Amino acid sequence: GQGYGDGMKTGRPTDFKPAMGEEILQLMAQGFSLAAAASDLGIHRQRVYEWMDRHPEFADTVKLAQAKRQMFLERRLLSSEVGPVVTSTIFALKN
């Protein structure tokens, strides 16, 4: 490809940007799953795992994002007195 991905193999989206880790972190801290955060960035969750293998700092950010999501969901659970919110939060924590 011409000017496509700095000499990377064409046809494979390896357009990794370190800032994507921060975006995933922001989304997951609001309770979104990794799959949802990835799709918001226009990528598949599997791509995130591939990037985690290649970029240790990105992997650390995603792990922190997963912990932040856990905290968001647990906090919501602890502060909630509404049945449906409790049920949906427990479901989200299991998945």
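Please read all numbers here as calculations on a predicted model, not as lab measurements. In what follows, residues are counted from 1 in the order of the sequence shown.
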Separation between [atom1] of [X] and [atom2] of [Y], rounded to the nearest 0.5 Å:
{"X": "E22", "Y": "L64", "atom1": "CD", "atom2": "CG", "value": "8.5 Å"}
{"X": "Q46", "Y": "M52", "atom1": "CD", "atom2": "CE", "value": "11.0 Å"}
{"X": "E23", "Y": "T61", "atom1": "CD", "atom2": "OG1", "value": "12.0 Å"}
{"X": "Q66", "Y": "M71", "atom1": "CD", "atom2": "CE", "value": "15.5 Å"}
{"X": "E50", "Y": "R54", "atom1": "CD", "atom2": "CZ", "value": "5.5 Å"}
{"X": "Q70", "Y": "M28", "atom1": "CD", "atom2": "CE", "value": "10.0 Å"}

Closest non-hydrogen atom pair between I24 and F58, with its separation: CD1-CZ, 3.9 Å
Which atom of A38 lies closest to which atom of V48, heavy atoms considered: CB-CG2, 3.8 Å
Between [Y] and [X], is there a side-chain heavy-atom distance shorter than 4.5 Å?
{"X": "R47", "Y": "F16", "answer": "no"}
{"X": "I90", "Y": "L77", "answer": "yes"}
{"X": "Y49", "Y": "R45", "answer": "yes"}
{"X": "S88", "Y": "R76", "answer": "yes"}
{"X": "W51", "Y": "I43", "answer": "yes"}

Is it true that the side chains of Q30 and Q26 contain a donor and an acceptor less than 3.5 Å apart? no
Okay, side chain of [X], backbone of [Y]: is any donor-acceptor separation there less than 3.5 Å?
{"X": "S39", "Y": "G42", "value": "no"}
{"X": "N95", "Y": "F91", "value": "yes"}
{"X": "H55", "Y": "E57", "value": "no"}
{"X": "R69", "Y": "A29", "value": "no"}

Count I, L, V, M, F, W, Y as connected when their side-chain heavy atoms are under 4.5 Å apart, and connections chain through other members. Are F72 and V86 then in the same cluster? yes
ILVMFWY cluster, L25 and L34 together (side-chain gap under 4.5 Å): no
Within a radius of less than 6.0 Å around CZ of F32, do more than 12 heavy atoms belonging to other residues, nucleotides or ligands occur? no
